[in-house]
Student: 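Please find one structure pasted underneath; my questions will follow.
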Amino acid sequence: MTQVFALKVNGRVRRGRAEPDTPLVWVLRDVLDLPGTKVGCGVGICGACTVHIDGAAVRSCAVSLGDLAPMAKVTTIEGLGPDEQHPVKRAWIEMQVPQCGYCQPGMIMAVAAFLRQIPNPTDEQIDAAITNICRCGTYDRIRKAIHRAAS
Amino acid sequence: MSTEGPSRRAVLFGAGALVVGSASPSMALASGTPSPLGAFVRIDRNGRVQIICPASEMGQGVHDSLARLVAEELGCNWTHVEILQPWADGAFVNPASGKQRTANSDSVQGYFTVLRKAGAAARDMLRQAAASKWQVNIDSVRIDGGLIHHSGSTRIMAFGDVAEVAAHLPIPANPALKSPDAWQLIGKRMPRKDIPAKVNGTATFGMDVKGPGMLTAALVLGPHPGAKILSHDSTRAAAMPGVVAIVPVDGGVAVVADSYWRAAQAAATVVLVSGPSPSAGIDDAAIGRQLARAIAAEESMIFPEIDTRAIPSRMIPPDKAAVASAMAGAASISDVEYDVPYLAHAALEPLCCTAMISPEGLRIIGPLQAPEVSRQEAARVSGLPLEKVHIDITFIGGGFGRKWATDFVTVAVQVAIGVPGRLVKTVWTRAQDFAVDQFRPAYRVKTRTALGKDGEIQAMHSRIAGQSIWRSQGRPQVPGMADPSAAGLLIYDRYDFPNKLIDFVEINPGLSVGYWRGVTFSQNVFFAESAIDEAAIAAHVDPYQFRRRLLAGDPRTITVLDKAAAMIGWTDARPSGTGVGIALSYTANSFCAQAAEVEVSGTRLAIKRIVCAFDCGVIVDPSSVDAQINGGIIFGLQAALWGEIGFSDGKAKAENFGDFRMPTLADTPPIEVALISTDAAPGGCGEAGSPPIAAALVNAIAAATGQRVRSLPLSRTFEI
C-alpha cells in the first residue's frame, strides 16, 4: 500500500506517494526525479547512494521511506551547493577527480558531511571516514581534493 | 510528475519522438538546427560547434580527448564546444578494428588520424565557404581563435555566418594536418568537459535514462546462467501494484512495472522452474582437477612467439626439437607452477539498458561499449532491418570489458518486445550482475626454464591451462593455434633468449567467460614476469639487471625499466623484511614498467610504494593518461590482493562487494606515475596499468623474504 509522503528535499517541500518499504534512493530517483544519487550495490556497502539526512551522511539504499520522519531534511548531490560553488564540488572539478563518474555523487556527499564534522582532517581521519568504493581508482585525486576543499 | 530535477541534455523530447544526444536524420535538415560538416562536426547559425565523440566514455576520458582531435584541426574555440555522445553509425567505425566499439585500448590509436582529418576537412569547408563569400582565394583564408580571417584585409567572419553553406560543399578527402609543434589542445592538461556534470550529478548514465511513461523491468534469473527456464509462476507478481507485464527473457523472466522498486518487489514473488545447468556440479575443486589434468596432458595447442617489434607483428612458430634439445643439455632445469583465479568485472554501474519498440522501429539507449554489434543483435532479436534500429550511447559507469557484450542488450530488447510502444529500462541487481558476469578465466601455468652454466636462459617452455574465451564468446578458433586470449605473450618476445615454447590446454567447465580489462595480459604478465624473475634469482643475478641484459636493443622498454628502477630506488639499502620487485609489460603499443616496495612481517604484507613508468607515444590528454594508469594500478591491485571468484554448483559464489573485496581510499598505497613523452604513434593506455602490479608485488615479496608466491590472490598467503 502506498503512503503519501512529504519530505524537505534540497530545501523544497516535495510530496509524493510510494510504498513505505521503498528505499529512499528509489524514492529520490523514481518518484522525485533526482537521478544524481546512484545505485551500486543495494546493500549499503559501496556508498554510491549517499545523501544527507539532517546533515548526516546516510546510504540511502539502506533507509526506507517509512523510516523517515515527515518533512525530514534530505540533501542530494543536486542540492549540494549552490551549484558548483560548494567547496567540495569546486575541489572535485579543480582536481579533475572523476573518471567514469558513477561513484562520485555519493563520494562527494560523504566527503561534504565529513568535512562539516572534521574541517581539517588528517590522512588517517580521511582513511577511516571515507569508505565509498571507486572502481576506477580515483582515490589519489579524491584525497587531494579533500585537502583542497578543507583549506 | 516532478518539476524539479536537473535539465539533462542527453534526453530531449519532441513531438512524440524520443531523441537522445543524437539528432534523427530529419532533424538535421530542419531550419535552425546545426549543419553537419562531415560525420563528426555540426555548426549552427550562431557558430555553436558540436563534436560527436565516436567512442563510448567509461572513464578513460575519450569523450574529451577524441573531441580534442577534431577541435585541434578545426581551430574552433574549445571553450564553447559541446561534445555529443555517439550513436550506432557506420560513420563512427574505428579504423583500427573496422568496427564501432570501444575496447582493446584502441580509441585514441584508431581515431587519431581520422578525427584530425575530420576537423581539418570541416575547417577547409568553412574556409572555402568564406572564400567564396569574400570572393578571394581560399589560400588567403585562415581560421584562428575560432574565427575566419582574410589575410589580405581585416575582414573577419564567424563560423555561424557560413556553416550552412559550408555543409553543402564536398568534404575534402585529404586536408592538411597541423604539425605537432603547432598543437594547442593535443598534449595539454586541460579540464575535461564531462567532469562538471559528473560532479553535479547531471551526467546521464545508462541507469539514469528516463522518458515519459517509462517502465522499469526487474529480472528473476534462473539459479544457473545458461540453464533453460522451463516454466514460471508469476500470478502473484502480475497482481502486485504497478505491474504492467511479465515477459520471459533469456535466462529468466522480467517483471515490468511503473517503478523499479515495485518491479523488484513483484519479481521477488516469481517462482521459476529451470532445466539442468551446463555447469551443474562445477565447483572450485572440480575446476582445480581439470586444470591439473590439463597441465599434465600429452596433447596441447601451440601458440607462436609474437615478434612485437616488427610492424606488423609477426608470428614465430616454435622449434620444438630445438627446445627439447636445449632442455636436455641444460646445466639446470626448474619447473614451477602458477595459479590465478576467475575474476569479475564489478563495474559500479550494474548492467542495464533501455529500449522501446514501436511501428517506427527499435530505440535503444544504454551504457554500451559495442554499439555496432549491439545494433546487429537487436535487429536479429526484433526481426527488424538494421535501418530501423537506433542505438544511443550514454555515459558508462565502468565498462572494463563487460559492457562490450550484447547479452544484456538482448534481454532489454526482449523486454521491450513484451511491452510494445512503451519505453522500458531493464535493470540488473548487483547480485545478478555478479551471477551473469563473463568472468576472466582462472589459469594455471607450468613453466620449465633451462639455464646454462653461466646463468643464461637456454630455453623456456610455458604451458597454460584454462578456459577459452573465444569458445565461450562463439568466436571461431584459428585451426591449429591456441586461443590468443589465453596464450598470447605468455613468454615475451622482447626478452632476447632462444628456444621459447608456449602451449595451451583448454578446459571446459562450461562457465561464462569473457573479456576483462587487459584480457590476455591480465594473467600472462603475472606468469611471464614471475618466471623471468625466478630465472634471474636462479642465475644469481639481480632481477632488474637480468631483464635489462635480455632487452639489449629495445630502447623504449629499457627506458621505462630504468625509470621505474630509479623511481623505486632499486639499489637503496633496505631493512630486512623489506624488498623491491619490478615487472614489465608491453600492451597495445605501449610500454609499462612498475616497481613495488613491500614490507613483510610474519604473515602481514604491507605495500609501501608503487611506481610506474609509462610510454604510450604521443599523448592527447596527459591528465587522463595519468588517471588511467593510476586507476589501472588500483584495478590490478584489487585483483592481486583479493580478487577471486569461487564457484559452487556452477554458480559464482559472490553476490556483492562483501564477497569480492574492493580497495577503498585507506587501502591505496602511494602510487607515482611518470609519463615518458615520445613522438611515437599513440599507444593504448586504458588496459596498460593493471597487468604488471601483481608480478611487481610477488617479485618484491621474493626480494623481501626469499619466499616465492605463485598463486593469486595474495590474501590466500598474507593478511593484508
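Chain letters run A, B, ... following the sequence lines, proteins first and then strands; every chain starts at 1.
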Student: Name the member of B:Gly398, B:Gly631, B:Ala627, B:Gly397 that forms the most heavy-atom pairs with chain A at distances under 4.5 Å.
Tutor: B:Ala627

Student: What part of A:Gln96 gets within 4.5 angstrom of chain B, counting heavy atoms only: side chain, backbone, both, or neither?
Tutor: both

Student: Taking side chain as everything from C-beta outward and backbone as N, CA, C, O, which of these in A:Asp30 sits under 4.5 Å from a heavy atom of chain B? Side chain, backbone, both or neither.
Tutor: both

Student: Taking the six-membered ring of B:Phe395 as reference, does the NZ or CZ atom of B:Lys198 fall below 6.0 Å from its centre and within a 45° cone about the axis?
Tutor: yes

Student: Heavy-atom distances under 4.5 Å only: say whether B:Ile396 touches chain A with side chain, backbone, both or neither.
Tutor: backbone

Student: Checking B:Ala347 against chain A: side chain, backbone, both or neither under 4.5 Å from a heavy atom?
Tutor: backbone

Student: Testing the basics here: between B:Ala55 and B:Val62, what is the closest heavy-atom pair and its distance to 0.1 Å?
Tutor: CB-CG2, 4.0 Å

Student: Counting only heavy atoms closer than 4.5 Å, note whether A:Thr138 contacts chain B via side chain, backbone, both or neither.
Tutor: neither

Student: Does one side chain, of A:Asn10 or A:Thr76, offer a donor that lies under 3.5 Å from an acceptor on the other?
Tutor: yes

Student: Angle between ring planes, B:Phe434 versus B:Phe657, binned at 30° and 60°: parallel, tilted or perpendicular?
Tutor: perpendicular

Student: Under 30°, 30 to 60°, or over 60°: which ring-plane class applies to B:Trp516 and B:Phe635, parallel, tilted or perpendicular?
Tutor: tilted

Student: In terms of heavy-atom proximity below 4.5 Å to chain A, should B:Met240 be classed as side chain, backbone, both, or neither?
Tutor: neither

Student: Looking only at heavy atoms and a cut-off of under 4.5 Å, which of A:Gly36, A:Cys100, A:Gly16 has the most pairs with chain B?
Tutor: A:Cys100

Student: I'd like to know which of A:Pro23, A:Gly79, A:Ala18 tops the heavy-atom pair count under 4.5 Å against chain B.
Tutor: A:Pro23

Student: Does the side chain of B:Ser56 pick up a donor-acceptor pair with the side chain of B:Gln369 at under 3.5 Å?
Tutor: no

Student: State whether B:Arg430 and B:Glu655 are salt-bridged, where the test is any N-O pair (Lys NZ or Arg NE/NH1/NH2 against Asp/Glu carboxylate O) under 4.0 Å.
Tutor: no

Student: Applying side-chain contact (heavy atoms from CB on, under 4.5 Å) between B:Gln594 and each of B:Val611, B:Ile671, B:Ile693, report the one that passes.
Tutor: B:Ile693

Student: Salt bridge or not between A:Arg29 and B:Asp208? Use side-chain N to carboxylate O under 4.0 Å.
Tutor: yes

Student: Against chain B, label A:Ile108 side chain, backbone, both or neither, depending on which of its atoms sit under 4.5 Å from a heavy atom there.
Tutor: side chain

Student: Please rank B:Gly658, B:Gly61, B:Ala197, B:Ala346 by heavy-atom pairs under 4.5 Å with chain A and give me the top one.
Tutor: B:Ala346

Student: Can you name the residues that form a side chain to side chain donor-acceptor pair (under 3.5 Å) with A:Arg141, not counting sequence neighbours?
Tutor: A:Gln99

Student: Applying a criterion of heavy atom separation less than 4.5 Å, what residues of residues 39-64 of chain A form contacts with chain B?
Tutor: A:Val39, A:Gly40, A:Cys41, A:Val43, A:Ile45, A:Cys46, A:Ala48

Student: Using the side-chain contact (heavy atoms from CB on, under 4.5 Å) rule, pick out the option among A:Ile77, A:Val27, A:Val9, A:Val74 that qualifies with A:Leu34.
Tutor: A:Val9

Student: Pull out the residues in residues 116-128 of chain A that come under 4.5 Å of chain B, heavy atom to heavy atom, sorted by number.
Tutor: A:Ile126, A:Asp127

Student: side-chain hydrogen bond (donor to acceptor under 3.5 Å, both in side chains) between A:Glu19 and B:Trp261: does it pass, once the steps are laid out?
Tutor: CA-CA 9 Å; A:Glu19 282 78 5; B:Trp261 187 245; 6.0 Å; no

Student: At a heavy-atom distance under 4.5 Å, which candidate from B:Arg262, B:Glu57, B:Gln638, B:His63 has the highest pair count against chain A?
Tutor: B:Arg262

Student: Closest approach of B:Cys353 and B:Leu368, non-hydrogen atoms and distance?
Tutor: SG-CD2, 4.3 Å

Student: Against chain A, label B:Met207 side chain, backbone, both or neither, depending on which of its atoms sit under 4.5 Å from a heavy atom there.
Tutor: both

Student: How close do A:Cys134 and A:Tyr139 get, counting heavy atoms only, and between which atoms?
Tutor: N-OH, 2.8 Å

Student: Side chain, backbone, both or neither: which part of B:Ser259 has a heavy atom under 4.5 Å from chain A?
Tutor: both

Student: State, to 0.1 Å, how close B:Ile393 and B:Gln85 come at their nearest heavy-atom pair, and which atoms those are.
Tutor: O-CB, 3.2 Å

Student: Looking at A:Asp21, A:Ile142, A:Ile133, which makes the most heavy-atom pairs under 4.5 Å with chain B?
Tutor: A:Asp21

Student: Could you tell me whether A:Lys38 and B:Glu349 have a side-chain N and a carboxylate O separated by less than 4.0 Å?
Tutor: no

Student: What part of B:Pro196 is in contact with chain A, defined as an atom under 4.5 angstrom from a non-hydrogen atom: side chain, backbone, both or neither?
Tutor: both

Student: Applying salt bridge (Lys or Arg N to Asp or Glu O under 4.0 Å), which residue pairs with at least one partner in residues 92-106 of chain A are found, sequence neighbours left out?
Tutor: A:Glu94-A:Arg148

Student: Under 4.0 Å between a Lys/Arg side-chain N and an Asp/Glu carboxylate O for B:Asp621 and B:Arg192?
Tutor: no

Student: Taking every heavy-atom pair that is under 4.5 Å apart, which of B:Thr664, B:Asp667, B:Ile634, B:Thr216 has the most such pairs with chain A?
Tutor: B:Thr664

Student: Examine whether an atom of A:Thr2 lies under 4.5 Å from a heavy atom of chain B, and if so say whether it belongs to the side chain, the backbone or both; otherwise answer neither.
Tutor: side chain

